[in-house]
Amino acid sequence: MARTASLSGYLELLPEERLVELHMLDTLRRVFEAHGFSSIESRAVEPLEVLLGKGEIDKEVYAVSRIHDDDGAAAAAKHALHFDLTVPFARYVVENAGHLAFPFRRYQIQKVWRGERPQAGRFREFTQADIDIVGDGELPFRCDVEIALVMARALEALRIGEFTLRVNSRKLSEGFYRSIGLEDTAAVLRAVDKLEKIGAERVAAELVETAGASETQAEQALALARIRTSEPDVAPRVLDLLGDAAPDDLLRQGLEELTTVMAELTSRVPGRAEADLSIARGLDYYTGTVIETVLHGHEELGSVCSGGRYESLATKGRRSFPGVGLSIGLTRLLSALLDSGEVSASRKVPTAVYVTLREDQDWPAAQDVADQLRERGISAEVALSAEKFGKQIKYADRRGIPYVWFTDEQGRHEVKDIRSGQQTEADPASWSPAAVDLTPQIRFNDR
RNA sequence: GUGGGCGUAGCUCAGCUGGUAGAGCAUCGCGUUGUGGUCGCGAGGGUCGCGGGUUCAAUCCCCGUCGCUCACCCCA
């Protein structure tokens, strides 16, 4: 069970839960680096104006200040904890542009903070795992494809169960709305974004009221949002909805891009992606591909991995840095998987061998045995006092330590497999545990 | 920020119309006196979230407050 500590929204894990998290972090690192992404870490704190510049999340930002400034008065906050990794990354790129080679691909796995009301799957402090590719001036569309592909691979490697990348293109949606004569595309997107939550009728009403749509236009916009298919070529279905209207350039480009992304994903990670033309994304800096990810059986979580293309991640003078990226909500994922029991660790401690003590004075000799094991990569722990063997075995058993080591008066060694009870002679210089017992294993269980 | 629900042992919870607390699990001990798990017996552990009010008497009723939780909002 993932437990909520005394402070709501700040998840703290037990050792056996942390092992699962570490395994996920290791897995992500391996996959990201296999695809050529470099790791960076940015400071936890940004100037307030850097964070508030992006609007949107203003009230969720935690400000940081000393309790008193030098005059002893309460200090006004100039800094704040970052609420995502994209904004700090943009600042980092601008600041270090001279040292980076573009296109720059980086991954970044860090805690972020948001001051919202916590709920199941929503935290005030949580870990995000981001990958982005950022270009100097321009960035090939091909990067959109690659980012989606790497994340699909990463999610597969995490073995979290079935998931679907829901892919759309802002260009497609906006181009479509314009083609049918709806100019306030932002208002349309906001309304359509609520489709799953409030239903078609109320979205249609909102389109008419706030986006200036006629009933026909509202119907067309809704029909577009209802397109959801694993068939890569969505163009015929979209164009069919236009009626007499002609597709504008933006729509044509969006169709081509979405089709390309879908075709590549379908061939390289079959069954992991579908085109979902209702995906809009709340943040307004997305300009092309947008992606959300639903974890099957955990639909209540919402998206566990989201992001997309933004044509202007950052600017420096006349230079602009377009980017494309995706972000995994690692804490959200982890907490759901731990709660459901789908993932667990085979033991609470790294220790593979517990070296018992027959007499208290045997402690140095026991450490020698442990060191011989450790030198060969076997985690070993020595008893702290020569309690009854029953107690020492029990200690190991409670922690899930698979082997217990005994040395008798003559210096003969035996090792006991605590699960079978089998005890055999062993040499500390050469004995090894079964491979699965060497380190805690991560278990993937049925729900 | 707005609204609902809930705060009793380490955990999960019971405690009737008010009479100052109990169970299961966990922990520890003993049986089994230096080779665990089962079983049996026993023990420890509580400001009943906090403050105030009503009452002879409050875990229980009332008010406030803090915390947790769910929903809205927003998002990973």
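Every chain is numbered from 1 and lettered A, B, ... according to where its sequence line falls, protein lines coming before strand lines.
Look at the P atom in both B/G3 and B/G44: the space between them is 47 Å, to the nearest Å. Annotation: B/G49 and B/C68 have their C1' atoms spaced 10 Å apart (nearest Å). Taking atom C1' on both B/A14 and B/G46, the two are 15 Å apart, rounded to the nearest angstrom. A gap of 40 Å separates the C1' atoms of B/C63 and B/U27, to the nearest Å. On the C1' atoms, B/U2 is 9 Å away from B/C73, given to the nearest whole Å. A gap of 44 Å separates the C1' atoms of B/G31 and B/C6, to the nearest Å. Rounded to the nearest Å, the gap between the P atom of B/G19 and that of B/U59 is 10 Å. Of the P atoms belonging to B/C60 and B/U20, the separation is 13 Å, rounded to the nearest Å.
At least one cation-pi condition fails for A/R124 and A/Y10: the charged atom is not both under 6.0 angstrom from the six-membered ring centre and inside a 45 degree cone around its axis. Stacking of A/R309 on the aromatic ring of A/F141 is not recorded, the 6.0 Å distance cut-off and the 45° axial limit not both being met. In this structure, A/R399 satisfies the cation-pi test against A/Y395, with its NZ or CZ atom closer than 6.0 Å to the six-membered ring centre and inside 45 degrees of the ring normal.
Following rounding to the nearest Å, A/L14 (CG) and B/C11 (C1') show an atom-to-atom distance of 12 Å. B/A76 atom P lies 13 Å from atom CG of A/L333, rounded to whole Å. The CD atom of A/E292 sits 8 Å away from the P atom of B/A76 (whole-angstrom rounding). Nucleotide B/C75 holds its C1' atom 14 Å from the CG atom of A/D130, rounded to whole Å. Rounding to whole angstrom units, CZ of residue A/R190 and C1' of B/C75 are separated by 16 Å. If you take CG of A/L295 and P of B/A76, they are 16 Å apart, rounded to a whole angstrom. A/L326 has its CG atom 12 Å from the C1' atom of B/A76, to the nearest Å. The distance between atom CZ of A/F126 and atom P of B/A76, rounded to the nearest whole Å, is 8 Å.
Stem regions for RNA chain B, each three or more consecutive Watson-Crick or G-U pairs with both distances under 3.5 Å and listed by first number, read B:1-7 with B:66-72, B:10-13 with B:22-25, B:27-31 with B:39-43, B:49-53 with B:61-65.
Checking each of A/E292, A/H296, A/E274, A/R272 against A/T164 for a side-chain hydrogen bond (donor to acceptor under 3.5 Å, both in side chains) leaves exactly one that passes, namely A/H296.
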Base-contact (B) and sugar-phosphate-only (S) positions in nucleotides 24-36 of chain B, heavy-atom cut-off under 4.0 Å, - elsewhere: ---SSS----BBB
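A donor N or O paired with an acceptor N or O is found under 3.5 Å between the base of B/A76 and the side-chain atoms of A/R114. If you check distances only, the side chain of A/R117 never reaches the base of B/C74 with a donor-acceptor pair under 3.5 Å.
For A/R18 and A/E21, the salt-bridge test passes: some basic side-chain N is under 4.0 Å from an acidic carboxylate O. Checked for salt-bridge contact, A/R202 and A/E206 miss the test: no charged N lies under 4.0 Å from a carboxylate O. Salt-bridge check for A/R419 with A/D437: passed, with a basic side-chain N closer than 4.0 Å to an acidic carboxylate O.
Using a 4.0 Å heavy-atom criterion, one finds that A/F123 contacts the bases of the nucleic acid, with or without backbone contacts as well.
By the 4.5 Å heavy-atom criterion applied to side chains, A/L11 and A/E125 are not counted as neighbours.
Checking A/R374 against A/Q367 by side-chain atom types alone, a donor-acceptor pair falls below 3.5 Å.
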Hey, can you pull the donor-acceptor pairs under 3.5 Å for the side chains in residues 24-31 of chain A, sequence neighbours left out?
from	atom 1	to	atom 2	distance (Å)
A/T27	OG1	A/H23	O	2.7
A/R29	NE	A/E33	OE2	3.1

